[in-house]
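See below for the structure under consideration.
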Amino acid sequence: MIRENVPLKPFNTFGIDVNARFFAAFNSIAELQSLLDDEIVRNSKRLVLGGGSNMLLTKNFDGIVLKNEIKGFELLSEDENYYYVKSNAGEIWHQFVMHCIQQNYAGIENLALIPGCVGASPMQNIGAYGIEIKDVFESLEAVHIHDKIIKTFTNTECHFGYRESVFKRKEKDQWVITSVTFRLRKRAVLNTSYGAIETELDNMKVDNVTIKDVAQAVINIRTSKLPDPKLIGNAGSFFKNPVVTMSHYKKILEHHNNAPCFPINENEVKVPAGWLIEKTGWKGKNLGHYGVHTLQALVLVNYGGATGKEIYDLSTSIIDDVKSEFGIELEREVNII
Ligand SMILES: Cc1cc2nc3c(=O)[nH]c(=O)nc-3n(C[C@H](O)[C@H](O)[C@H](O)COP(=O)(O)OP(=O)(O)OC[C@H]3O[C@@H](n4cnc5c(N)ncnc54)[C@H](O)[C@@H]3O)c2cc1C
């Protein structure tokens, strides 16, 4: 059923109060295909919505929001080393992670507590604590917006990169992802080297670390560091960590001899955007009802009542300041709608 003038505040983690001209939810591929046939859908701008945790709504959406609510997951097959697990797109990502942990399907434990739905996870190749979706991704199914065909995309066809996929580039706005299949290990290879996972595991005093422990360590760290969108509106990291040449990084070191970086290759390093933002004085900046989070400079927050435009303008000021101080152009990770 297509509804009109629907408030989107409950559907975006920034808590931005705007309306959608039209809104429809679907819970099967058949329902989606029949919606795509509808005249209103064919003649309107479309926005596919998962959990709304990676978008900033800057104005009323003058088109139709298509809310993906296709639920369910299943073990498709297994071989000597892997389980092939399919999740429909409308499942909550964290619930899917916890289901896999319960079944002892290993590989996504480091991605616990990332908000949003499974269907959006390949969009920006979600990642945290040294793991990205591309490391465990087998394939996805998607329905074409115009001709409604169902296509399977392999890992290579998704062109995954750092917070990137073909769905943000060449195939932007062309497909509705309806399910994702993951290749998960039978014998876990734990990745605890990233961030504070080891320290947290020590605090937890566990002896034989399992994927469940790693997930719990990640949950503890994330809960202590990141604002809960239910309490303070936000969309996680607002910016990507920029990649710069080694010579550019050496120039930064001349003025900031403790500038952090992660090596990418011989010629390039990734500089934490949070550090750049902190150095330009924005960390914790409170502009009344919105600002930059006190603990995490990468996270812009809505304390209540901010407009998307205010937050967008704040992000522009940060980009300008980082550019003039470091000669680095920050790129927004959050989708601006
Ligand atoms: C507190 C917090 C922490 C976060 N931490 C991380 C993190 O550690 N790592 C990380 O990578 N991200 C993180 N994020 C960002 C976000 O959770 C992820 O990007 C998540 O995958 C977004 O899912 P969603 O369902 O909310 O997507 P939405 O915000 O609903 O949509 C995001 C984009 O994907 C499109 N889309 C959504 N579903 C579909 C579909 N089925 N088919 C086609 N297009 C679709 C939308 O149109 C939109 O362009 C965080 C966000 C928050 C609020």
Side-chain angles (χ1 to χ4, degrees), residues 8 11-16 20 25-27 29 32 45-57 61 63-71 87-97 108 110-134 140-145 151 153 158 160-169 171-180 194-195 218-219 221-223 225-241 293 295-296 298-302 332-337:
L8 292 178
F11 296 104
N12 73 101
T13 59
F14 252 124
I16 303 294
F26 55 93
N27 50 37
I29 291 183
L32 168 64
K45 223 166 36 169
R46 293 159 294 259
L47 173 66
V48 185
L49 182 69
S53 66
N54 197 23
M55 55 176 66
L56 177 65
L57 299 161
F61 186 71
I64 180 152
V65 167
L66 298 169
K67 173 91 175 84
N68 194 328
E69 287 181 355
I70 311 180
K71 300 282 187 192
S87 171
N88 285 324
E91 283 291 340
I92 305 291
W93 171 258
H94 179 65
Q95 284 173 10
F96 175 65
V97 172
I108 49 176
N110 292 38
L111 303 179
L113 215 61
I114 296 182
C117 296
V118 169
S121 64
M123 287 293 297
Q124 68 151 4
N125 178 26
I126 58 167
Y129 300 98
I131 299 283
E132 290 178 326
I133 276 295
K134 72 168 170 49
L140 65 76
E141 266 182 8
V143 174
H144 196 267
I145 293 272
K151 177 174 155 67
F153 287 79
C158 289
F160 290 125
Y162 166 56
R163 301 295 176 275
E164 279 297 342
S165 75
V166 72
F167 304 103
K168 286 181 80 175
R169 301 280 164 189
E171 301 291 343
K172 191 170 161 55
D173 298 332
Q174 297 303 302
W175 299 92
V176 181
I177 297 167
T178 52
S179 71
V180 186
Y194 209 89
V218 168
I219 290 169
I221 299 166
R222 293 183 72 100
T223 315
K225 266 188 21 186
L226 286 169
D228 178 351
K230 287 195 202 88
L231 306 174
I232 303 176
N234 75 92
S237 303
F238 200 92
F239 303 98
K240 293 182 180 183
N241 291 317
H293 193 243
L295 300 178
Q296 189 42 271
L298 258 187
V299 179
L300 306 191
V301 288
N302 173 13
R332 295 177 183 90
E333 177 178 320
V334 169
N335 297 281
I336 309 296
I337 310 288

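One-based numbering, in listed order, for ligands and for the atoms of each. Note that the coordinates shown come from a computational prediction; the quantities given were computed from them, not determined experimentally.
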Best match, Gly127, Gly236, Ala112: closest heavy atom to atom 7 (C) of ligand 1: Gly127
Rounded distance [0.5 Å steps], CG in Leu47 versus CE in Met55: 4.5 Å
Partner set under side-chain hydrogen bond (donor to acceptor under 3.5 Å, both in side chains) for Glu164, not counting sequence neighbours: Arg169, Lys240
Protein residue, atom and distance nearest to atom 28 (P) of ligand 1, heavy-atom basis: Gly52 N, 3.5 Å
Note, Ile131 side chain near Tyr194 side chain (heavy atom, < 4.5 Å): no
Ligand 1 to Pro229 polar contact by distance, N or O atoms, under 3.5 Å: no
Sub-3.5 Å N/O-N/O distance, Asn54 and ligand 1: yes
Whether Arg163 lies under 4.0 Å from ligand 1, heavy atom: yes
Ligand 1 versus Ile177: contacting region, heavy-atom distance under 4.0 Å: both
Residue portion contacting ligand 1 (non-hydrogen atoms closer than 4.0 Å) for Pro115: both
Nearest-neighbour protein heavy atom for atom 14 (N) of ligand 1, which is reported as residue plus atom name and distance: Ile114 CG2, 4.2 Å
Leu49 N/O under 3.5 Å from ligand 1 N/O: no
Rounded distance [0.5 Å steps], CZ in Arg332 versus CZ in Phe239: 6.5 Å
contact_flag Arg222 ligand 1 heavy-atom lt 4.0 Å: yes
The one among Asn125, Ile133, Asn335 that brings a heavy atom closest to atom 33 (C) of ligand 1: Asn335
Test of proximity, Ala89 against ligand 1: N or O pairs below 3.5 Å: no
Euclidean distance, Gln124 CD relative to Asn54 CG, rounded to 0.5 Å: 4.0 Å
Rounded distance (nearest 0.5 Å) linking atom CG of Asn110 with atom CD1 of Ile221: 9.5 Å
Numbered atoms of ligand 1 (with element) below 4.0 Å of Gly116, judged on heavy atoms: 23 (O), 24 (P), 25 (O), 26 (O)
Proximity of Asn234 to ligand 1 by residue part, where a heavy atom lies under 4.0 Å: both
Cys117, any N or O under 3.5 Å of ligand 1 N or O: yes
Residue Leu47 vicinity, atoms of ligand 1 by number, heavy atom under 4.0 Å: 47 (O)
With sequence neighbours excluded, residues passing salt bridge (Lys or Arg N to Asp or Glu O under 4.0 Å) with Lys151: Glu157
Numbered atoms and elements of ligand 1 in range of Ala128, under 4.0 angstrom, heavy atoms: 8 (O)
Which segment of Trp175 sits under 4.0 Å of ligand 1 when only heavy atoms are counted: backbone
